[in-house]
Amino acid sequence: MRKILVIGSAGQIGSELTLKLRDLYGNNNVIAGVITSNPPKKLSETGPWEKVDVLDRQELVAAVRKFKVDMIINMAAILSATGEENHMLAWDVNMNGLINVLEVAREFKMKQVVVPSSIAVFGPSAPVNNTPQETVLKPSTMYGITKVAGELLGDYYVEKYGLDVRGLRYPGIISHVTLPGGGATDYAVAIYYEAVKNGRYTCFVNENTRLPMMYMPDCLKSTIDLMQADFSRLRRHCDYNVGAMSFSAGELAASIKKYIPEFEITYEPDSRQEIADSWPDSVDDSAAREDWGWKPGYDLDAMTRDMLEAVREKHQVGLI
Ligand code: VAH
């Protein structure tokens with residue numbers, strides 16, 4: 001049975017991935033690696049947890065030894081918008097953190113490492129529609145630069161050391177369990193909360209900003225599908241494009257208006273507009289579909305219905 005350490009377990013994806021993996025592999029076989037000593041109860045009350053700062057290699061080694069970890073999923077990252085405010089923090093966490101994970105995985109002969117990437121690896125010089133799996137990677141954000149370097153590092157550890165390292169290029173991820181932090185796609189989460197709480201939202205990108213997006217259940221499915229894929233079928237390792245939807249901020253607002261007709265939106269682009277403008281509108285994920293059977297399950301309206309139901313429940317019980 002695998003012993004999986006999820007680093008960044010309290011984050012937007014990490015928190016739900018940890019719980020999903022506990023359902024699959026057993027609570028005690030999935031360790032929540034959290035940077036604080038006070039993890040969310042949904043993690044600490046459903047299985048083992050450990051303080052693991054991805055920048056502290058000794059802390060990481062201690063956790064690996066304590067729980068006999070044989071698989072690491074590294075969800076610790078500084079995202080695009082925060083990375084533009086503090087580029088050295090993004091470099092430090094995303095690169096020095098990653099090399100710690102890869103070195104520890106090599107030293108302890110881990111069965112598998114998952115190192116997520118992002119569509120942020122693409123920049124203005126890549127084709128904007130249906131961006132190919134193989135194309136120019138010249139991102140204009142530090143976050144994107146660290147994700148390109150991370151893909152190359154992961155592939156290096158596969159080729160040089162025979163480590164099973166896998167990664168996928170997440171689009172913007174939308175969810176209602178744990179708020180995202182510091183991303184240029186965070187508007188696509190905040191809009192649901194503001195629509196339910198106040199009936200209006202001021203969006204920080206303009207109406208026509210179109211981006212590849214994915215609902216959290218599909219994010220978890222893509223991650224676990226790749227984790228469980230037969231290694232011999234993988235023609236790539238750390239850089240699979242995965243897509244699900246592509247919509248503009250205006251189309252997202254229109255979807256919400258189908259269920260909250262009185263909802264109003266205004267657009268006041270800020271510095272995150274420039275980040276969003278550098279990214280694709282949609283990606284070609286045929287390699288993921290061919291190599292490991294990727295297929296998304298949610299479209300925009302299905303996500304909106306699910307998100308509004310969940311956010312309304314939170315609002316009714318005073319959680320937001
Ligand atoms: C961000 N949510 O906005 C992340 C993601 C493609 C976007 O990588 O930085």
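Atoms within each ligand, like the ligands themselves, are counted from 1 in listed order. Here the structure is a predicted model, which is why all the values come from computation and not from measurement.
- Side-chain contact check for Asp301 and Thr304: no donor-acceptor pair (N or O, by modelled atom type) lies under 3.5 Å.
- For the pair Asp230 and Arg233, the salt-bridge criterion is not met [side-chain N within less than 4.0 Å of a carboxylate O].
- Of the protein's non-hydrogen atoms, Ala184 N, 2.8 Å is the one closest to atom 3 (O) of ligand 1.
- Residue Leu79 has no nitrogen or oxygen atom sitting less than 3.5 Å from a nitrogen or oxygen atom of ligand 1, judged on distance alone.
- Tyr240 has its ring centre less than 6.0 Å from the ring centre of Trp292.
- A salt bridge links Asp164 to Arg166: at least one charged side-chain nitrogen sits closer than 4.0 Å to a carboxylate oxygen.
- Residues Glu309 and Arg312 are not paired through a salt bridge, judged by the lack of any N-O separation under 4.0 Å between the basic side chain and the carboxylate.
- With ligand atoms numbered from 1 in the order given, ligand 1 contributes 1 (C), 3 (O), 9 (O) to contacts under 4.0 Å with heavy atoms of Gly183.
- With atom 4 (C) of ligand 1 as the reference point, the heavy atom nearest to it among Thr185, Ile174, Val189 is part of Thr185.
- Between Tyr170 and ligand 1, not a single N/O pair is under 3.5 Å apart.
- Between His237 and Phe231, the ring planes lie parallel to each other; the angle is under 30°, not in the 30° to 60° tilted range.
- Heavy-atom proximity to Ile119, at under 4.0 Å, picks out these atoms of ligand 1: 6 (C).
- Each of the atoms 1 (C), 3 (O), 9 (O) of ligand 1 lies under 4.0 Å from some heavy atom of Ser80.
- Looking only at atom types and distance, the side chain of Thr141 has no donor-acceptor partner in the side chain of Ser80 under 3.5 Å away.
- Within the 4.0 Å heavy-atom criterion, the part of Ser118 lying near ligand 1 is the side chain and not the backbone.
- Between Asp186 and ligand 1, a contact under 3.5 Å exists for no N or O pair.
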